[in-house]
Amino acid sequence: MSGLACFKNCGSVMVTGANRGLGLQLVESLVTGGFSPGKIIATARDPGSALKLNELAKNHPQVHIITLDVQSQEGIQKCAEEVHQLVQEEGLNCLINNAGVNVVANLQTVTAEKMIENFHTNAVAPLMITKAFLPLLKQAASRAPRGAVSMSIQRAAVVNMSSLLGSIELVSAEQMNNFNWYPYRTSKSALNMVSRCLAVDLEPDGILCVAVHPGWVRTDMGGSQAPLSPEESVSSLLSVLGGLSEKHHGSFVNYTGEPLPW
Ligand code: NAP
């Protein structure tokens, strides 16, 4: 079975920040690719203005839109309760922590406030969301049929949308010339550590956890110079996610499937 086809056997997938960019593309590719999961929970902080997402939900009843500002702890709890109502005892199979911001600042312009703002959305929120959804992820993991692959997105998984720019090993003078962004880069390094720690903590429950790099993509964040379209990035990424197993657990994976250095 191809990676993408694995999503057809997945009960539910939740994507944060699904109103534009890669989040919207993830939802669109999942519903239109012929391998839709049973339920797609697409969160957005202002669903009323998410026109394309609303259009998708209108044409595909498996798409459920829920309000979530990932910086709001109250909002996270409320969202978890709403998702519980939707998925009931089946739990949540795949959580994609996609929402992110790039607070651009170099050494001259960086401030404590800019660092904290970027950390909150990119590193703290994915951890708090995962924590709030843990009962639903555990519920899904516990329902795995006998003999099934021990870890997979069909069972239960947390996917953290990270970035190559968070890799400490890959920092070079050349890369810093082009992407001299202290808040963003450090927030993604922190997200990578969150992913590693979660991988250790969630392993006994059979919940897969990975950090992924979607490539450099033409979105509002990636800009018009990026080499990849959202469709290209997401089509490859979904194939990779669908094929994840315990051998990928706790790793940092490129959208093409290769392992990346931390
Ligand atoms: P984007 O086009 O700027 O979209 C960002 C998404 O995150 C939007 O839906 C935005 O919602 C949402 N978001 C931001 N803050 C939020 C909050 N507090 N609560 C809820 N939603 C919030 O970015 P993208 O390119 O699609 O990036 C998606 C993910 O991929 C990010 O984590 C990014 O770091 C990562 N990534 C992207 C690239 C790239 O080249 N594009 C490369 C590496 C990694 P609003 O519309 O409400 O602001």
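Both ligands and their constituent atoms are indexed starting at 1 by order of listing.
- Here the protein heavy atom with the shortest distance to atom 39 (C) of ligand 1 is Val217 N, 3.6 Å.
- Checked by atom type and distance alone, the side chain of Ser245 never pairs as donor or acceptor with a backbone atom of Met151 at under 3.5 Å.
- Judged by distance alone, the side chain of Ser233 and the main-chain N or O of Gly215 form no donor-acceptor pair under 3.5 Å.
- Between Arg45 and ligand 1, at least one pair of N/O atoms sits closer than 3.5 Å.
- Neither the backbone nor the side chain of Arg218 has a heavy atom within less than 4.0 Å of ligand 1.
- Panel note: side chain Ser12, backbone Asn93; a donor-acceptor pair is recorded below 3.5 Å.
- When the heavy-atom distances from atom 13 (N) of ligand 1 to Pro126, Ala99, Pro214 are ranked, the shortest goes to Ala99.
- Considering every non-hydrogen atom in both Phe133 and Leu95, the closest pair reads CB-CD2, 4.5 Å.
- For a threshold of 3.5 Å applied to N or O pairs, the pair formed by Gly21 and ligand 1 contains no separation below that value.
- Near Trp216, the atoms of ligand 1 lying under 4.0 angstrom from a non-hydrogen atom of the residue are 40 (O).
- Atom numbering of ligand 1 starts at 1 in the shown order; those under 4.0 Å from a heavy atom of Gly17 are 9 (O), 12 (C).
- Ranking the protein heavy atoms by distance from atom 44 (C) of ligand 1 puts Ser162 O, 3.0 Å first.
- Minimum heavy-atom separation, Val15 to Asn98: CG1-CB, 4.2 Å.
- What sits closest to atom 26 (O) of ligand 1 on the protein, heavy atoms only, is Leu22 N, 2.8 Å.
- In terms of protein heavy atoms, atom 23 (O) of ligand 1 is closest to Met221 CB, 3.4 Å.
- Atom 24 (P) of ligand 1 has its nearest heavy-atom neighbour, among Thr219, Leu228, Val70, in Thr219.
- Residue contacts with ligand 1, taken as heavy atom pairs separated by less than 4.0 Å, involve Leu68 solely via the backbone atoms N, CA, C and O.
- Contact detail for Ala144 and Arg155: the closest heavy-atom pair is CB-NE, 3.3 Å.
- Residues Arg218 and Ser229 share a closest heavy-atom pair of NH2-CB, 3.4 Å.
- Annotation for ligand 1: atoms under 4.0 Å from non-hydrogen atoms of Asn98 are 28 (C), 29 (C), 31 (C), 32 (O).
- Heavy atoms of Thr121 found under 4.0 angstrom from ligand 1 belong exclusively to the side chain.
- Residue contacts with ligand 1: Ser163 is placed with no nitrogen or oxygen under 3.5 Å of a nitrogen or oxygen of the ligand (distance criterion only).
- If you number the atoms of ligand 1 from 1 as listed, the ones under 4.0 Å from a heavy atom of Met161 come out as 29 (C), 30 (O), 32 (O), 35 (C).
- Between Ala50 and ligand 1 there is no heavy-atom distance shorter than 4.0 Å.
- Taking distance alone, with nitrogen or oxygen atoms compared against 3.5 Å, Asn19 approaches ligand 1 more closely than that limit.
- In the displayed structure, Lys114 atom NZ is contacted under 6.0 Å by more than 12 heavy atoms of other residues, nucleotides or ligands.
- Here's the thing with Val101: none of its N/O atoms is less than 3.5 angstrom from an N/O atom of ligand 1.
- When heavy-atom distances to ligand 1 are checked against a 4.0 Å cut-off, Ala226 has no atom that comes that close, whether in backbone or side chain.
- Within the 4.5 Å cutoff, no side-chain heavy atoms of Ser239 are placed close to those of Leu237.
- Summary of contacts: the protein heavy atom closest to atom 34 (O) of ligand 1 is Tyr184 OH, 2.6 Å.
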For residues 55-62, which side-chain donor-acceptor pairs fall under 3.5 Å, sequence neighbours excluded?
| residue | atom | partner | partner atom | Å |
| --- | --- | --- | --- | --- |
| Asn59 | ND2 | Glu55 | O | 3.3 |
| Gln62 | NE2 | Ser36 | OG | 3.0 |

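- Assignment of Gly215 to the shell around ligand 1 is supported, since a heavy atom sits closer than 4.0 Å.
- The aromatic rings of Tyr255 and His213 sit perpendicular, their planes meeting at an angle over 60°, well past the 30° parallel limit.
- The protein non-hydrogen atom at the shortest distance from atom 10 (C) of ligand 1 is Arg20 NH2, 3.8 Å.
- Electrostatic pairing of Glu82 and Lys78 counts as a salt bridge here, judged by a charged N lying under 4.0 Å from a carboxylate O.
- Nearest to atom 14 (C) of ligand 1 by heavy-atom distance, out of Ala18, Gly100, Gly222, is Gly100.
- At the shortest separation from atom 18 (N) of ligand 1 among protein heavy atoms lies Asp69 OD1, 3.0 Å.
- The two residues Asn192 and Phe252 have their closest heavy-atom pair at ND2-CE2, 3.6 Å.
- When every heavy atom of Ile168 is checked against every heavy atom of Ser189, the shortest pair comes out as CG1-OG, 4.1 Å.
- Proximity to Asp220 (heavy-atom distance under 4.0 Å) selects the following atoms of ligand 1: 2 (O).
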